[in-house]
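Since this is a predicted model, take the numbers as computed values, not measurements. Here is the naming used below: chain letters follow the sequence lines, and residue numbers restart at 1 for every chain.
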Number of protein chains: 2
Amino acid sequence: MKPGKTGRARSGASLIDVAKAAGVSTATAGRVLGGYGYASEPAAERVRSAARALGYRPNRLARGLITGRTQTIGVVASDIASPFYAAVIRGVADAVQNRGFGVLVTNSDERLALEQQAVRLLLEKQVDGIIIAPCDLQSSEHLTEALESGCPIVQIDRAAPNLQTDSIAVDNVGAARACVRCLTDAGHRRIGFVGEVLLDGAVDLDGAIRRCAGLRPDERGVVPSVLRFTGYLAGCHDAGIAPDPNLIRRLGVYSAAAARAAVLDLMTGPRPPTALFTADGAMSTGALEAIGALGVDVPGDLSLICFDDLDWMQFYARGVSAASQPAREIGALAADLLLRRIEGDRDPVRHIVLPVAIVARRSVAPPRRARPRATKIGAGHD
Amino acid sequence: MKPGKTGRARSGASLIDVAKAAGVSTATAGRVLGGYGYASEPAAERVRSAARALGYRPNRLARGLITGRTQTIGVVASDIASPFYAAVIRGVADAVQNRGFGVLVTNSDERLALEQQAVRLLLEKQVDGIIIAPCDLQSSEHLTEALESGCPIVQIDRAAPNLQTDSIAVDNVGAARACVRCLTDAGHRRIGFVGEVLLDGAVDLDGAIRRCAGLRPDERGVVPSVLRFTGYLAGCHDAGIAPDPNLIRRLGVYSAAAARAAVLDLMTGPRPPTALFTADGAMSTGALEAIGALGVDVPGDLSLICFDDLDWMQFYARGVSAASQPAREIGALAADLLLRRIEGDRDPVRHIVLPVAIVARRSVAPPRRARPRATKIGAGHD
DNA sequence: CTGAAAGCGCTTACAG
DNA sequence: CTGAAAGCGCTTACAG
């Protein structure tokens with residue numbers, strides 16, 4: 001009844017108890033119950049029924065201590081409450097659960113210190129591998145260390161370039177380019193851009209444009225929002241549109257509030273865009289809030305395509321087009337890759353780039369003709 | 001380089017190595033690094049620097065095997081990809097992470113067999129406690145067993161009545177009642193209801209109404225949708241409205257498609273409701289799809305309040321009112337309760353009932369006067 | 001304050 | 001096919 005003096009709380013029958021009851025050695029009982037090694041049918045049957053009678057439940061901790069395998073994989077997400085990561089984790093869980101694996105989840109909130117702490121916890125818990133969206137593409141010593149200690153890693157959403165691991169990301173450049181194409185095909189020429197696009201060494205817009213124009217689709221070591229900005233530039237270029245600095249907002253932070261302010265500013269300025277492309281979940285949320293606050297019609301005064309780490313439902317409901325990542329698939333693929341590595345696969349690392357579906361709603365339609373604002377020429381004020 | 005012959009993959013320095021390097025016993029090294037027991041400062045310092053030099057990382061498996069504590073808690077959700085459970089798990093993770101705990105997540109998809117499998121996995125992995133949304137309020141032998149083996153449990157969202165555990169749920173009856181009140185206050189009298197409301201032994205509506213009318217707010221052993229139906233009935237009663245069977249749709253399944261069909265049927269019938277209350281996430285999604293397909297305006301031809309296991313963003317975007325659960329808080333509270341039990345708290349079980357916020361958007365406004373459909377009396381056809 | 005010894009529950013070679 | 005023994009990496013009483 002009371003916990004033993006060693007402090008362990010739960011008891012239950014151990015393999016020793018089962019072996020004793022079945023009249024065999026623990027080795028034999030282990031072989032039967034663990035499904036490894038041989039045992040004669042009569043012995044096996046005695047062991048099984050003893051296990052059943054005692055309500056035996058294997059202790060995976062003990063097994064893990066010996067085999068060096070815990071059958072647990074760790075996931076480090078920015079925020080598991082975000083629809084994107086929630087779906088990724090679901091994909092991971094589905095892929096591994098029928099193989100007897102567990103999934104240990106942690107959040108980094110895009111902060112390196114938290115990520116390092118999370119990785120340490122996972123390693124101390126002896127996970128067999130880690131799936132991570134690294135929050136810093138340069139500082140990855142903690143991940144190198146994990147790798148060197150034999151813990152395989154799969155990077156998702158982004159990939160540190162100097163980390164020799166498999167990775168899975170969507171085709172950010174291609175998807176953003178396709179989004180812009182939707183807009184230009186519909187006749188838009190003034191297409192606003194709102195994104196984080198944090199670039200060290202390129203604070204000015206011209207520098208950013210020069211730098212991003214050279215990026216290739218599969219470029220690793222580059223954060224998604226920069227790749228999407230690259231796609232935006234490419235899309236404009238495709239349509240023979242020169243990037244207009246007044247229509248581009250690089251916020252430098254991943255903040256819905258900042259995006260809201262930026263879109264309000266864009267839309268109430270002298271020559272507002274007729275269409276808008278938002279590069280991230282937070283940007284998209286901010287943009288939706290702004291156009292709500294402005295009472296702007298979508299479609300109508302504005303066409304909008306959101307690149308989305310959030311739930312496409314909100315865009316769907318709003319009648320807005322969105323580019324949406326196949327999150328579950330990313331999770332499932334990441335888990336597959338990881339399990340393969342855990343099983344000892346030594347193939348060269350793979351970098352998978354997934355296509356992104358664009359869920360076109362009504363908002364790509366060209367804008368309604370704006371209400372004539374100053375019919376009386378020279379009215380000068382309102 | 002190569003894995004040892006025992007099959008364990010990862011090596012790294014063990015406590016033995018650290019002790020050897022520091023010139024002390026493993027007992028002393030363990031006391032220093034584990035933070036238990038005494039050690040002289042010089043010895044401690046030698047141990048710490050040896051640990052640092054060797055890159056020592058404690059193996060929590062080994063510790064767990066002895067202490068009987070893994071510092072891991074398990075969560076069994078219906079679907080971690082749903083915004084509700086994703087947020088719950090985030091709340092759990094936040095509450096436990098700074099205490100060095102990990103969170104192991106599993107999905108039941110509301111299927112008993114999967115839930116049992118998930119619980120077994122968690123127990124074999126020796127979690128210190130389980131947070132679960134039980135999918136079957138009657139068949140809970142597997143949970144009783146867990147409890148008896150010393151694994152504390154906290155139930156969320158619903159609670160099996162015969163399970164002596166802490167539980168956390170929202171005030172389903174009160175929230176639904178308040179939703180209806182929003183509608184009746186705005187002048188609605190014909191308020192439709194769409195929910196799962198699966199009741200054995202009450203297949204007919206009259207039976208269901210009689211049975212639900214007697215439920216009290218804190219009733220356990222009753223699934224949320226039934227409690228919300230109860231709240232709906234109470235809200236109607238408050239306003240002196242007799243429940244109209246033609247406006248009530250008990251689907252018996254948790255299906256957006258079924259809800260969509262039900263709402264289409266309701267709205268295209270002879271006397272459509274002027275307002276609608278949906279009792280679940282899937283119902284809400286289906287209803288939104290239906291009114292989208294019908295081109296019904298919200299507000300306008302219809303007022304709508306959704307009870308929500310999904311993301312309130314979609315309602316917000318649609319201009320719809322929603323009752324939303326404080327998911328993160330539920331997770332955080334569940335984790336707190338569980339940690340307390342893990343630490344040996346023997347207080348009587350607590351059943352926490354949380355209030356639900358109603359996010360009122362435009363849809364509670366009374367409906368616009370319907371476009372006169374048959375101005376020419378006797379027109380007879382369209 | 002410190003160390004030798006036992007042991008958590010299991011798996012793994014290794015003899016028989 | 002089976003068992004005795006060793007051991008995974010740590011913590012726990014218990015002597016000193």
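Applying the 4.0 Å criterion to OP1 and OP2 of C:dG3, one finds that B:T28 has a side-chain N or O inside that range. Neither OP1 nor OP2 of D:dC1 sits under 4.0 Å from any side-chain N or O of A:S40.
Formation of a donor-acceptor pair under 3.5 Å by the A:D128 side chain with backbone atoms of A:R69 is not found in this model. Within the 3.5 Å criterion, the main-chain N or O of A:A22 finds a donor-acceptor partner in the side chain of A:R46.
A:L123 has its CG atom 15 Å from the P atom of D:dG9, to the nearest Å. Distance A:K20 NZ to D:dA4 P: 12 Å, rounded to the nearest Å. A:R69 places its CZ atom 15 Å from the P atom of C:dT11, with the value rounded to the nearest Å. Rounding to whole angstrom units, CG of residue A:L65 and C1' of D:dG7 are separated by 9 Å. If you measure from atom CD of B:E45 to atom P of C:dT2, you get 13 Å, rounded to the nearest angstrom. Between the CD atom of A:Q126 and the C1' atom of D:dC10 there is a distance of 11 Å, given to the nearest Å. As rounded to whole Å, 15 Å separates atom C1' of C:dG9 from atom NZ of B:K125. As a whole-Å value, the separation of A:I66 CD1 from D:dG9 P is 10 Å.
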**OP:** Both distances under 3.5 Å, Watson-Crick or G-U wobble: on that basis, could you give the dot-bracket string for DNA chain D, with [ ] for crossing pairs and | for other-strand partners?
**Re:** |||.||||||||.|||
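In the displayed structure, A:Y38 atom OH is contacted under 6.0 Å by at most 12 heavy atoms of other residues, nucleotides or ligands.
Contact check on B:E329 versus B:R90 returns no salt bridge, with no Lys/Arg side-chain nitrogen under 4.0 Å from an Asp/Glu carboxylate oxygen.
Comparing C:dG7, D:dG3, D:dT12 by their closest approach to the side chain of B:T67 singles out D:dT12. Looking at the side chain of B:Y36, the nearest of the listed nucleotides C:dC1, D:dT2, D:dT11 is D:dT11. The side chain of A:S14 lies closest to C:dC10 when the candidates are C:dC10, D:dT11, D:dG3. The side chain of A:Y38 lies closest to D:dC1, out of D:dG3, D:dC1, C:dT11.
Taking a 4.0 Å limit (strictly below) on heavy-atom distances, residues 48-63 of chain A reaches DNA chain C at A:Y56, A:R57, A:P58, A:N59, A:A62, A:R63.
Remark on DNA chain C: of its neighbouring residues B:G23 and A:G30, the 5'-side contact belongs to B:G23, judged by nearest-heavy-atom nucleotide. Checking A:I16 against A:R31, the closest nucleotide of DNA chain C that is more toward the 5' end is the one next to A:I16. Along DNA chain D, the nucleotide closest to A:A43 and the one closest to A:T26 are compared, and the more 5′ of them pairs with A:A43.
Of the options A:R350, A:Q155, A:R341, a side chain to side chain donor-acceptor pair (under 3.5 Å) to A:D166 is made by A:R341 and by none of the others.
Residues that satisfy the side chain to side chain donor-acceptor pair (under 3.5 Å) test with A:S25, not counting sequence neighbours, are A:T28. Every residue meeting the side chain to side chain donor-acceptor pair (under 3.5 Å) condition with B:R60, not counting sequence neighbours, appears here in chain and number order: A:E124. Residues passing the side-chain contact (heavy atoms from CB on, under 4.5 Å) test with B:N98: none are found, sequence neighbours excluded. Under the rule for a side chain to side chain donor-acceptor pair (under 3.5 Å), B:Q164 has no partner lying at least two apart in sequence or in another chain.
Looking only at atom types and distance, the side chain of B:T70 has no donor-acceptor partner in the side chain of B:Q126 under 3.5 Å away.
Within 4.0 Å of A:A39, counting heavy atoms only, lie sugar-phosphate atoms of the nucleic acid but no base atom.
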